Structures are given as C-alpha cells and as structure tokens.
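Notes to accompany the following structure.
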2 protein chains.
Amino acid sequence: MKNSQKKQNVSGADLGVLLNTPAVPMRQPRTTRTTQTIGQILAAAERVFAEAGLAGATMAQLAAACGLPKANLHYYFGTKEALYTEVLQTILTLWLDAADAIHPAASPRAALTAYISAKMAHSRTRPYASKVFANEVLHGAVHLRSYLGLELRRKVDEKAVVIEGWITRGLMDPVDPRHLFFLLWAMTQTYADFDAQMAAVLAVPSLGSADFAVGEALILRLVLRGCGLGHDLKGTDR
Amino acid sequence: MKNSQKKQNVSGADLGVLLNTPAVPMRQPRTTRTTQTIGQILAAAERVFAEAGLAGATMAQLAAACGLPKANLHYYFGTKEALYTEVLQTILTLWLDAADAIHPAASPRAALTAYISAKMAHSRTRPYASKVFANEVLHGAVHLRSYLGLELRRKVDEKAVVIEGWITRGLMDPVDPRHLFFLLWAMTQTYADFDAQMAAVLAVPSLGSADFAVGEALILRLVLRGCGLGHDLKGTDR
DNA sequence: GTCTATATATCGATAGAC
DNA sequence: GTCTATCGATATATAGAC
C-alpha cells in the first residue's frame, strides 16, 4: 500500500469525470486484435474480481482466467488497480441507463415495473458485474467516490423529481423517492450478490430462472402496493 | 494459497457444527485478562475485516487496530483465517435470534414490524458485522457453507412454517416466505452494507438516525402492504 | 503471556529476448 | 505485441529472548 504513487497513473483519487476517461493514455488507434484482447481481459477480470475482490484477486489469477501471461495484462492496463477501475467503468456505463424507464410521461406502475424487471435482468445476466460493484461499495467506494457523488447522485435527483411529480399529481402515494431507490437496488441486486446464501437456504446448487421469477414477482408486489399502485394485482407470487 | 495446510487447524472446510466450535483448541480456563484481550482483538478485527475484507486485511493492520504486536494475534488465533472465522462466529450468534420475533402466537403485523425493527437496529449499531457477513457471502460463503446450509436453512424453514400458518389462517396474503426473508435481509442490511452509496446520493458525510428512520418506515410500508397488513397504516414515510 | 527480529512465501511489476 | 525470467516489496507466520 505504500507503492501506490510509484507507477500507477490512475487511482481512485484522480478519477475525474470517470466515464470516458481511459485508465491508460490512449495509444495509437487500436487494431481489431487488440480490441478483442482487451475485451477478453475485461470479461475475465470481471469474474475474477467478483469472486475474490480487488485485494483478493492476483495478477496470476487474472492472467490465467483469460489465458495470457501476466506481463500482457500489465502491458495493456499498467497496474492491477487500473485494470480494476476499467472493469468498474464498463459496469457503470451498463447501469445508469436502466433508470431511464422512469420518465414523466410514463405511468408510475409501468415505469416501476419496467425498472424492476430491468434490474432483475441485470442480476440474472451479469451477476459478476453486480458483485464487483457491491464489493467496491461495501469497502467504502474509494474508487467510485466521484461517480456516486456526481453522476449517480445527479441521476437519482433527476428521477426523484419525476417521482415527486407523480406524487403531486396524485398518481401514487407519497414515499421518499431516494430511499425507494435504495430499496429497489437492494432487493434486485441481492439476487446476484447474495446468491450463495439464497441457494443454501433453498437447498439448491444455484439459483434458477424460476427463483428469479418468484423474486421479481414479490418485489413487484411489495413496491406497487407500497406505492399505492397495486389495486388490480393479478394473481399471487407463488 | 498453497500453504493453507501447513499450520492452520481451522479452515472453512472443517468447520463442523460451526457454533460452539472454537477455532483454536481451548486452552486452560482463561483468565479475565485473556478473555478481555481476545474480546478486544475480535472487536477491532470486525472493523478491519469490514473495511478491507479477508484478503485485504493484513495482520499488521489487525494488530495496529487493537494496539498489539502481530505475534500476539498469532498466539491467540493461530492464523489470520482462524481469527476471521471467529469474527464470523460472533456475528452469527448475534443474528440468528432476531428472527424469533416471528412465532405462531404473534400477529403477522406485530411480528414483521418487530423483525424489521430489530434488523434495522443491527444495521445501525453493528454495521461492521453486517459488512463482514456481506463480504463473506458475496465471495461465495466458503467459510459459511455449513452455517448457511444447516443452521440458517433450518431457522428459515421453521419461520416459513409460521408464515405459511398465518397465510392458511387468512391472517395475511399469500407470499413466498423464503423470498420474503431474502428481501427483508436485503432491505435492512443495505443500510449497513451500502452506506457509502447512500451517503453519496444523499450528499451527506454519513448516514444519520433520521435516514435510518425514513428507511425503516418505508420498508415497513412496503412489507406490510405487500403482505396485506397495511389497512390502517398511520401517516406516510416522509 | 508478551514482544522484537526474522524466515519464507507470494505478490505486483519490470527487464529484456523474440 | 508477446512472453519468460526475475527483481524488490510486502505478507503471513515463527523463533526465541524476556
């Protein structure tokens, strides 16, 4: 932890706008081969970082996961931490858009349903991404401070205005919009982050699509009813 | 990772019943001084493991956190992993009891309210414990396999029967009891585990008791209404 | 029981051949 | 761009004086 300043040109502290800020100074226009290799490394790294965390993952593991020598990873990304922040970037760009189901023209019921469905799809299809993000926030979000405090906060503020508008127009019951988001994130992401616990409690080797369906139905039930939108709920969630 | 078999007498694999199974063979009856020292180490370790994870925490950090030389920690616990599993133990014993608010004689509304309140109190008063647990599950729960699959599963099965009974007697709407637990855990624990994200979105340095109160009220609202228990909800959650 | 000093392993990162 | 070999730093764990 003392050699942090030695070579790394990217650390949590100097992440600026964060998005569209490559961790490594852009070299010459990349060849297709190079782009492919980088993509493979990032995909493999997402899984390794999800399973071991930043500190727990070793360059040897990361290299083995994508079938390359360690030196190649250093060639492309410089340091382990730089590779990690690039993995985080790809996750963030993937995520911010989901909330756009929530816009003034939509009905609260349709918007919340679509948002929950999208978030559950993310947990089902990209569980490693969710775990990397969860691990980062869990340990203080030191590599995400600017993202959380600037871009995410801005997005949430924007969506909170939409929800406040729905409430003012009497379209849904009054609830705190930001805490509603906190709970939506918690309920949907837990199906990716805590799958080990769920599988153990359910006595299954791993979660299946049926488990996700039951969970999504229950989340919908709680949220829609909790917001006063559950008047014509069809069926139950089991 | 190759020297795992060298000295450690406790690893995730050979945790038996887990509770009441000391990680280190019990020495002679402990003196008050020794018990105190062990308690201080465990308390400090909970915080360090919460902030850095098992892999990220170093013996030097752990030693500094409790003001002792590294060698003393090795004297009491043998290995870092053994110290970690003991920290996990103390957390588990603290947690299993909260669910006992849910028993057949209670009303669903009172039981769920008490359970949510207890879980939120845990997130507020023992956030480090929650984070250590979250980190462990996030990375596959390799040190908790037997606990999750035996004791926790047994407890959840038991409480699921209680909830099924309430449903059968028409005291609450039909919901999947196990997934209800998953969501209750997610919503309450997120106030400990993801506090960094919440603080950033809310633009505050850290969460205060008011934030916990708003969160608890909203969780109550969603759960009680979602279970058909919200007929006479007093007030709103903001 | 407590502590300093140190052995040994492993990690991140790099040098330099190809 | 790719890879092998290796350096230097840091980590866990222990030896042994007190």
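Note that the structure is a prediction, hence the values are computed from the model and not measured. Naming convention: chains lettered A, B, ... in sequence-line order (proteins, then strands); numbering from 1 in each chain.
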I need the [atom1]-[atom2] distance between [X] and [N], as an integer number of Å.
| X | N | atom1 | atom2 | value |
| --- | --- | --- | --- | --- |
| A:Gln61 | C:dC11 | CD | P | 8 Å |
| B:Met59 | C:dT10 | CE | P | 17 Å |
| A:Glu81 | C:dC11 | CD | C1' | 15 Å |
| B:Asn72 | D:dC18 | CG | C1' | 13 Å |
| B:Tyr75 | C:dA5 | OH | C1' | 20 Å |
| A:Leu54 | C:dC11 | CG | P | 14 Å |

Kindly point out which of [options] is positioned nearest to the side chain of [X]?
| X | options | answer |
| --- | --- | --- |
| B:Ala71 | C:dA15, D:dT14, D:dG1 | D:dT14 |
| A:Lys70 | D:dT6, D:dT12, D:dC3 | D:dT6 |
| A:Thr58 | D:dA13, C:dG12, C:dC3 | C:dG12 |
| A:Lys80 | C:dT2, C:dT6, C:dG12 | C:dG12 |
| A:Thr79 | C:dA13, C:dC3, D:dT2 | C:dA13 |
| B:Pro69 | C:dT4, D:dC3, C:dA13 | C:dT4 |

Please tell me whether B:Tyr84 and B:Glu136 have a donor and an acceptor in their side chains that are separated by less than 3.5 angstrom.
yes
Is it the case that the side chains of A:Arg126 and A:Ser130 hold a donor-acceptor pair, with the cut-off being a distance below 3.5 Å and no angle test?
no
Give a yes or no on whether the backbone of A:Ala101 and the side-chain of A:Lys159 come within a donor-acceptor separation of less than 3.5 Å.
no
Donor-acceptor check, side chain of A:Arg145 to backbone of A:Gly140, threshold 3.5 angstrom: yes or no?
yes
Check whether any side-chain N or O of [X] sits under 4.0 Å from OP1 or OP2 of [N], and answer yes or no.
| X | N | result |
| --- | --- | --- |
| B:His74 | D:dA13 | yes |
| A:Thr34 | D:dG1 | yes |
| A:Tyr76 | D:dT2 | yes |

What are the two closest heavy atoms between A:Val223 and A:Met187, and how far apart are they?
CG2-CE, 3.7 Å
Heavy atoms under 4.0 Å, any strand shown: does B:Ala57 hit a base, just sugar-phosphate, or nothing?
sugar-phosphate
